[in-house]
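Accompanying notes for the structure given below.
Along the sequence shown, the residues carry numbers beginning at 1.
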Amino acid sequence: MYLAKTWLLLYILKQWKFKTSCSPILPNLILSSPSMARKKVALAKIADDVRRKATFMKRNVEVTVVLDNPYKGEQEVWPSIPDATDTFLNFKSLPESDRCKKMSDQEGFYKQSNAKLEEKLKKLEKENKKIEADILMYQCLGGRNIADLRIADLDDITKRIDLKAKAVEKRINFLKGY
């Protein structure tokens, strides 16, 4: 089970086009979830000044980067030390609830990722079980001997047949106009 979860996590990271050696927090900062797919947007200048300003204000983020430079023995700050100080003071002036709203540590990220992967795994197992029952059902209709099937398999086939019979009955009633 652990191996399957690890494989699924690596598969998802590969789909996100992240290297597995990157920081585990990076995917959380870039994409909050894999379902955040967006439509492709043509890049063009927004003609309306009011809309352009509103769009900019929605997307504007104050950023400061502090890098340790092992070659110089000092830190590099971008955009500048006074700007970094202002950004830090603005951040510290926010209420604690706003400061921590979108923060994540490695443990929290892994727990969140693991929960999502377990949910996805359960959905896939459920879908796989349905497909296997359908295959067995069609094999039995094609002449396979049901004597060699397990009781659990027969139960699954019975449930799938009942669902399909109800769907057919519903369709017949719809066509008859009931």
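In this structure, D83 and T64 approach most closely via the heavy-atom pair O-OG1, 4.1 Å. Across S80 and V77, no two heavy atoms sit closer than the pair O-CG1, 3.6 Å. Residues V63 and P79 share a closest heavy-atom pair of O-CD, 3.9 Å.
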request  = Test side chain to side chain contact (heavy atoms under 4.5 Å, CB included) on N128 and L124 and set out the steps.
outcome  = CA-CA 6 Å; N128 200 20; L124 289 172; over 6 Å; no
Could you go through the side chain to side chain contact (heavy atoms under 4.5 Å, CB included) check for I161 and M137 one step at a time? CA-CA 8 Å; I161 290 172; M137 179 181 65; 3.3 Å; yes
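A donor-acceptor pair under 3.5 Å is formed between the side chain of R52 and the backbone N or O of I46. R99 places a side-chain N or O within donor-acceptor distance of the main-chain N or O of L94, the cut-off being under 3.5 Å.
Atom CG of N173 and atom NZ of K166 lie 13.5 Å apart (nearest 0.5 Å).
Following chains of ILVMFWY side-chain contacts shorter than 4.5 Å, one cannot reach F91 starting from L89, and the two form parts of different hydrophobic clusters.
Screening K120, E125, E127, E119 for a side-chain contact (heavy atoms from CB on, under 4.5 Å) with K123, the sole residue that qualifies is E119.
Other residues, nucleotides and ligands contribute at most 12 non-hydrogen atoms within 6.0 Å of the CD atom of E96.
The residues D162 and K159 are annotated as not salt-bridged, no charged nitrogen and carboxylate oxygen being separated by less than 4.0 angstrom.
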Please list every donor-acceptor pair under 3.5 Å in which a side-chain atom of residues 148-156 meets a protein atom from a residue at least two apart or in another chain.
residue	atom	partner	partner atom	Å
R150	NE	D153	OD2	3.3
R150	NH2	D153	OD1	3.0

